[in-house]
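Just so we're clear, the structure is a prediction, and the values are computed from it rather than from any experiment. In this chain, numbering begins with 1 at the start of the sequence shown.
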Amino acid sequence: MDSSLNLLRKKAEKDLNQATLESNVVLVEDSDLDFTVINKVLSPKYNLRRFSSAEQLLELLGDLKASLFLLDYRLPGMDGIDLCQRIRSVPVFEHTPIIMLTGENYTSFEYKFWDAGCNDFIAKPYSAVTLQKRVEKELKYNALLEQHKEASMIDSLTKVFNRRYLEVVMNQLSARHESPEVSVLLLDIDYFKKYNDRYGHLAGDAALVSVTNTVKRALARDTDFISRWGGEEFAIVLPHTNYDGCKLVAKRIIDLLHEELIPHEDSPSGHLTISIGGVTVPESPRDWKRLFLKADENLYEAKENGRNQFCLKPKF
């Protein structure tokens, strides 16, 4: 048992090392001497980018991809605490690790560092090992959080987003008062209970995976996504998509699944098919659940009309 646990720990450590390798570390440090030391310690493992002042960083902050910020407290002009607060005010960096470097008596300043949003601070003079390990610890911890966040929003069977993720995205879309039109589709596998009864649940699971892979092939843009709505139902969100575009995607999904020719002896067609209900609105509704309620009504209509088809409406 202990040896198995040890192997798991070693694998987890190896995965985290791989996940954090070549992370983008942003350094704000005006001292060339300190930069030389930091560069020697961090650059073998990470991509280090240096700025000499807070103002210099802020000019480009919106365009940066940063895995961690390393800030000197004593900077010319704006100090590290004010800079930390400015970084935290940018939504994309709300949870990005920030480490403060300080030559001060940090016991007098530590509450300010915490209040500003720092994850950690290192007192000067520091050893190369301390610097390396503190940076490594924050990057690995952040990588763990990202892995947990991703796992909590991914359906374990189909590996597409789950309903929790869908709700987060739709709440974000609903909060945008000037969002362009959006389309949603609800997809249901026809006669799926009969499929499970005849072929077994393992085959049913394989069919769910096949359907989701087919849908992913039909979605042409990175902004489009599929999530598992529940059971054999899936939701597809198509931002910036009008009625014609929505109709094109629905038809493409059905056509691609027809090409798969997955046998289903208890279906009138002899193969696995799907029904789709969808709706397009000119802007994201304040109550996004109404949008899916309407899509569900259209899905019911598609089933009533014989299944293996889609039913779309341009608006409520």
Without swapping roles, check the side chain of [X] against the backbone of [Y] for a donor-acceptor pair under 3.5 Å.
| X | Y | answer |
| --- | --- | --- |
| E265 | G270 | no |
| T212 | L208 | yes |
| D190 | N308 | yes |
| S23 | T20 | yes |
| H264 | Y191 | yes |
| N162 | S152 | yes |
| T214 | S210 | yes |
| N24 | K65 | yes |
| D79 | D82 | yes |
| R163 | L166 | no |

Item to check | Plane angle bin for F292 and W229 - parallel if under 30°, tilted between 30 and 60°, otherwise perpendicular | outcome: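 The rings of W229 and F292 lie parallel, inter-plane angle below 30°.
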Identify the heavy atoms of [X] and [Y] that sit nearest to each other, and give their distance.
| X | Y | value |
| --- | --- | --- |
| N39 | P44 | O-CD, 4.0 Å |
| S52 | D30 | O-CB, 3.4 Å |
| D224 | P239 | OD1-CD, 3.8 Å |
| A250 | L312 | CB-CD1, 4.3 Å |
| N196 | G204 | OD1-CA, 3.2 Å |
| V26 | A66 | CG2-CB, 3.7 Å |

Given side chains that start at C-beta, do those of [X] and [Y] come closer than 4.5 Å, heavy atoms only?
| X | Y | value |
| --- | --- | --- |
| V184 | W288 | no |
| V160 | V215 | no |
| S275 | L299 | yes |
| L27 | I38 | yes |
| Y195 | D266 | no |
| L186 | I276 | no |
| K124 | T102 | no |
| L187 | I253 | yes |

Salt-bridged, [X] to [Y], with N to O below 4.0 Å?
| X | Y | answer |
| --- | --- | --- |
| D32 | R50 | yes |
| D255 | K251 | yes |
| K45 | E136 | yes |
| E297 | K294 | yes |
| K159 | D155 | no |
| E259 | R217 | no |

Distance (rounded to the nearest 0.5 Å) between [X] [atom1] and [Y] [atom2]:
| X | Y | atom1 | atom2 | result |
| --- | --- | --- | --- | --- |
| E260 | T273 | CD | OG1 | 13.5 Å |
| E233 | I274 | CD | CD1 | 12.0 Å |
| E22 | S43 | CD | OG | 12.0 Å |
| R134 | L101 | CZ | CG | 10.5 Å |
| I262 | L257 | CD1 | CG | 5.5 Å |
| D244 | S183 | CG | OG | 9.5 Å |

State plainly whether one hydrophobic cluster holds both [X] and [Y], where clusters connect Ile, Leu, Val, Met, Phe, Trp and Tyr through side-chain heavy atoms under 4.5 angstrom apart.
| X | Y | answer |
| --- | --- | --- |
| F51 | V25 | no |
| M100 | L61 | yes |
| L256 | V249 | no |
| V28 | Y126 | no |
| L21 | L144 | no |

Assess whether atom [atom1] of [X] is packed by more than 12 heavy atoms of other residues, nucleotides or ligands within 6.0 Å.
| X | atom1 | value |
| --- | --- | --- |
| R252 | CZ | yes |
| K137 | NZ | yes |
| K247 | NZ | no |
| L261 | CG | yes |
| F35 | CZ | yes |

Checklist entry - What's the verdict on side chain to side chain contact (heavy atoms under 4.5 Å, CB included) for E55 and M78, showing C-alpha distance, side-chain angles and the deciding distance? => result CA-CA 7 Å; E55 291 76 13; M78 182 185 298; 3.4 Å; yes
Checklist entry - Between F225 and Y165, does the ring centre distance come in under 6.0 Å? => result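 Yes, ring centres under 6.0 Å apart.
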Checklist entry - Given the rule in the side chain to side chain contact (heavy atoms under 4.5 Å, CB included) test, do E138 and I99 qualify, once you have shown the distances and angles that lead to the verdict? => result CA-CA 9 Å; E138 290 299 332; I99 299 177; 3.9 Å; yes
Checklist entry - Taking the six-membered ring of F93 as reference, does the NZ or CZ atom of R88 fall below 6.0 Å from its centre and within a 45° cone about the axis? => result no
Item to check | Verdict with supporting geometry, R221 and H240, side chain to side chain contact (heavy atoms under 4.5 Å, CB included) | outcome: CA-CA 11 Å; R221 305 174 306 177; H240 307 271; 4.3 Å; yes
Next on the checklist: Name the residue from L238, T280, V279 that meets the side-chain contact (heavy atoms from CB on, under 4.5 Å) definition with L185.
Outcome noted: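 When side-chain contact (heavy atoms from CB on, under 4.5 Å) is applied between L185 and each of L238, T280, V279, only L238 qualifies.
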Next on the checklist: side chain to side chain contact (heavy atoms under 4.5 Å, CB included) for I189 and V211? Distances and angles first, verdict last.
Outcome noted: CA-CA 8 Å; I189 300 178; V211 169; 3.8 Å; yes
Checklist entry - So K313 and E301, salt bridge (charged side-chain N to carboxylate O under 4.0 Å, His left out) or not? Walk me through it. => result CA-CA 11 Å; K313 299 292 174 67; E301 186 174 330; 3.5 Å; yes
